[in-house]
Amino acid sequence: MATMLEKATWLMERLHYPVTMRQLQEEWKYDSLNDYPGRTFDRKTFDNWRNYINAYFGVEVEMSDFAGRRTTYCLKSGPGTGNIRKWLINTVSIQNTLRENLGIRDRILLEDIPSSGETLKTVLDAIRQNRLIRFDYNDYWEEPADITMQPYFVKLFRQHWKVIGPLEGGGTESIRSYALDADRMLNLKILERKFNYPGNFSPEEFMADVVGTATFPAKDVKPKDVIILVWEKYNFYLKHTPLHRSQRILHDCPEDGYTIFGYRLHATEDFYQEICRYGNYMEVLYPNDVREEMLKIIQGMGAEYDGTSRKACSRAVPDVAELLGK
């Protein structure tokens with residue numbers, strides 16, 4: 001039986017544009033979510049769905065063009081007003097779609113993501129209560145550490161949830177990010193001690209000048225103007241899926257198949273990893289220090305492929321024939 005959340009999401013998907021009650025009722029009759037095919041909903045049920053949408057998603061359904069049966073309904077504020085609202089609606093919408101297509105589930109391939117469900121719930125509970133959290137953290141690049149922090153907010157990036165906030169007793173200058181992956185964050189506990197969440201702090205503004213979840217708390221360091229040349233076909237991709245919110249087109253040359261994009265951001269590790277994803281289809285033109293850092297990364301990759309790094313190992317790296325058991 002369809003849940004109220006699924007029914008409310010179904011209704012919102014159809015209220016992006018004005019639609020009449022009769023149109024909604026006719027569409028519902030034989031929808032896969034309808035537990036009674038051929039029957040439709042009444043005015044009371046419709047009002048219950050509207051109230052649920054308002055309470056759960058913070059979106060109002062408004063009436064317009066009052067004309068009896070021709071009265072239309074639509075969302076007063078689109079679901080894209082806030083990122084979390086848009087993400088939540090899209091997630092439930094996809095769940096509805098998958099539920100409707102269980103008969104072909106062997107032909108629907110999903111991406112594996114790190115397990116973080118229970119950890120995320122615990123962290124969000126701490127955020128809601130403004131309580132400190134403590135956990136053992138296994139960093140891939142540093143020694144394991146015992147962390148006590150003030151969880152300010154969470155962010156999702158590349159299928160990984162991160163909790164971001166200052167260390168215990170610290171201010172914004174000590175803000176760090178930690179992955180909620182089950183193999184990295186261990187023994188998570190909510191402490192009784194509370195912290196004061198600053199009223200003038202905005203997570204969105206704090207992360208506005210970075211790509212991903214790398215933090216850049218130093219207030220005296222300003223974001224840089226970065227210019228990147230992107231070759232066809234990835235320039236088309238970036239036009240529809242910007243690398244960063246500050247992205248703008250500085251020059252477009254379809255004749256030669258490239259576009260030059262401008263950005264205003266901090267060149268963090270996540271930024272360089274994003275650039276590397278596009279390989280030789282992307283070139284940093286400006287500023288020189290960012291361009292030089294990219295050259296170092298590229299040269300380091302060259303050293304890997306010509307065997308320089310392997311030669312420096314104290315123990316010989318097995319050759320491919322040995323690894324394949326030949």
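Sequential numbering from 1 along the given sequence is applied to the chain's residues. Reckoned from all heavy atoms, side chains included, excluding hydrogens, waters and symmetry mates.
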Practice problem: Taking the side chain as every heavy atom from C-beta outward, state whether Cys74 and Met63 have any atom pair closer than 4.5 Å. | Solution: no
Quiz item: Are any of the side-chain heavy atoms of Pro18 and Tyr73 separated by less than 4.5 Å?
Solution: no
Self-check item: Glu274 and Arg158: CA distance, side-chain angles, deciding distance, salt bridge (Lys or Arg N to Asp or Glu O under 4.0 Å) verdict
Solution: CA-CA 11 Å; Glu274 284 295 295; Arg158 294 204 168 280; 2.8 Å; yes
Quiz item: Would you say the side-chain atoms of Ser174 pair up with the backbone N or O of Pro166, donor to acceptor, closer than 3.5 Å?
Solution: no
Practice problem: Could you tell me whether Glu27 and Arg22 make a salt bridge, using a distance below 4.0 angstrom between a side-chain N and a carboxylate O? | Solution: no
Quiz item: Closest heavy-atom contact between Asn138 and Asp183?
Solution: ND2-O, 3.7 Å
Self-check item: Tyr263/Phe271 aromatic ring centres below 6.0 Å
Solution: no
Quiz prompt | Heavy-atom closest contact (Lys7 atom, Ala2 atom, distance) | solution = CE-O, 3.6 Å
Self-check item: From Glu62 atom CD to Arg50 atom CZ, the distance as rounded to the nearest 0.5 Å
Solution: 9.5 Å
Quiz item: Thinking salt bridges, do Lys29 and Glu26 make one under a 4.0 Å N-O criterion?
Solution: yes
Quiz item: Does the side chain of Met207 come within less than 4.5 Å of Ile164's, by heavy atoms?
Solution: yes
Quiz item: Restricting to pairs with a member in residues 166-190, which pass ring pair (Phe, Tyr, Trp, His ring centres under 6.0 Å), not counting sequence neighbours?
Solution: Phe135-Tyr178, Tyr137-Tyr178
Self-check item: Asp47 and Lys44 ion-paired at < 4.0 Å
Solution: no
Quiz item: Does the side-chain contact (heavy atoms from CB on, under 4.5 Å) test come out yes or no for Leu24 and Thr20, once each step is laid out?
Solution: CA-CA 6 Å; Leu24 290 170; Thr20 66; over 6 Å; no
Exercise. Could you verify whether a donor N or O on one side chain and an acceptor N or O on the other, from Asp270 and Thr268, lie under 3.5 Å apart?
Key: no
Self-check item: Pairwise distance OH(Tyr258) to CD(Glu255) - rounded to 0.5 angstrom
Solution: 8.5 Å
Quiz item: Taking all atoms of both residues into account, what is the closest heavy-atom pair of Met294 and Cys276, and its distance?
Solution: CE-SG, 4.0 Å
Quiz item: Side-chain donor-acceptor pair under 3.5 Å between Glu6 and Thr9, yes or no?
Solution: no
Quiz item: Between Asp252 and Lys239, does at least one N-O distance fall below 4.0 Å, as a salt bridge requires?
Solution: yes
Quiz item: In the single-linkage hydrophobic clustering (I, L, V, M, F, W, Y; side-chain heavy atoms under 4.5 Å), do Phe206 and Phe157 co-cluster?
Solution: no
Quiz item: Between Phe41 and Trp49, what is the ring plane arrangement, given parallel below 30°, perpendicular above 60°, and tilted in between?
Solution: tilted
Practice problem: Report whether Phe236 and Leu238 are members of the same hydrophobic cluster (ILVMFWY, side-chain heavy atoms less than 4.5 Å apart, transitive linking). | Solution: no
Self-check item: Side chains of Ile127 and Tyr197 in contact at under 4.5 Å (non-hydrogen atoms)
Solution: no
Self-check item: Glu304 backbone acceptor or donor facing Thr308 side chain under 3.5 Å
Solution: no
Quiz item: Can you find a pair of side-chain heavy atoms, one from Leu265 and one from Val210, that are under 4.5 Å apart?
Solution: no
Practice problem: Quick one: do Leu285 and Ile260 satisfy side-chain contact (heavy atoms from CB on, under 4.5 Å)? Show the steps, please. | Solution: CA-CA 9 Å; Leu285 300 180; Ile260 298 177; 4.2 Å; yes
Quiz item: Just by modelled atom types, is the Gly165 backbone N or O under 3.5 Å from a matching donor or acceptor in the Gln150 side chain?
Solution: no
Self-check item: Qualifying residues under side-chain contact (heavy atoms from CB on, under 4.5 Å), relative to Leu191, sequence neighbours excluded
Solution: Leu132, Arg134, Thr148, Arg193
Self-check item: Joint hydrophobic cluster, Ile297 plus Tyr286, side-chain heavy atoms closer than 4.5 Å
Solution: yes
Quiz prompt | Verdict with reasoning, Asp319 to Leu323, per side-chain contact (heavy atoms from CB on, under 4.5 Å) | solution = CA-CA 6 Å; Asp319 58 32; Leu323 293 173; over 6 Å; no
Quiz item: Is the closest basic N to carboxylate O distance between Arg291 and Glu283 below 4.0 Å?
Solution: yes
Self-check item: Asn48 versus Thr45, side-chain donor and acceptor atoms under 3.5 Å
Solution: no
Self-check item: Flag, side chain of Glu205 to backbone of Ser202, donor-acceptor distance under 3.5 Å
Solution: no
Exercise. Kindly give the heavy-atom pair with the smallest separation between Ala126 and Ile133, and that separation in Å.
Key: CB-CG2, 3.4 Å
Exercise. Check whether any side-chain heavy atom of Lys296 lies under 4.5 Å from a side-chain heavy atom of Met301, and answer yes or no.
Key: no
Quiz item: In terms of heavy-atom contacts, does OH of Tyr281 have more than 12 from other residues, nucleotides or ligands at under 6.0 Å?
Solution: no
Self-check item: Separation of Asn34 CG from Trp10 CH2 (nearest 0.5 Å)
Solution: 8.5 Å
Quiz item: Would a hydrophobic clustering, with Ile, Leu, Val, Met, Phe, Trp and Tyr connected at side-chain separations under 4.5 Å, put Trp28 with Tyr30?
Solution: no
Quiz item: Has the side chain of Gln129 got a donor or acceptor atom that lies under 3.5 Å from a matching backbone atom of Asp125?
Solution: yes
Quiz item: Roughly how far, to the nearest 0.5 Å, is CD1 of Ile53 from CE of Met4?
Solution: 9.5 Å
Exercise. Can you see which heavy atom on Gly170 is nearest to which on Glu173, and at what distance?
Key: C-OE2, 4.3 Å
Quiz item: Do any N or O atoms from the side chain of Asn130 and from the backbone of Asn196 form a donor-acceptor pair under 3.5 angstrom?
Solution: no
Quiz prompt | Met282 with Ile249, same ILVMFWY side-chain cluster at under 4.5 Å | solution = yes
Practice problem: State, to 0.1 Å, how close His244 and Arg264 come at their nearest heavy-atom pair, and which atoms those are. | Solution: CE1-O, 3.6 Å
Quiz item: CG/Leu250 to CD1/Ile228 distance, rounded to the nearest 0.5 angstrom?
Solution: 10.5 Å
Exercise. Taking the six-membered ring for Trp and the single ring otherwise, decide whether the centroids of Trp231 and Tyr278 are under 6.0 Å apart.
Key: no
Quiz item: Taking C-beta and beyond as the side chain, do Pro287 and Asp225 meet within less than 4.5 Å on heavy atoms?
Solution: no
Quiz item: Should Leu243 and Ile275 count as side-chain neighbours, where that means a heavy-atom distance under 4.5 Å?
Solution: yes
Exercise. Test Leu75 against Met12 for side-chain contact (heavy atoms from CB on, under 4.5 Å), laying out the working first.
Key: CA-CA 7 Å; Leu75 298 181; Met12 282 190 296; 4.1 Å; yes
Quiz item: If you round to the nearest 0.5 Å, how far is CZ of Phe261 from NE2 of His251?
Solution: 12.0 Å
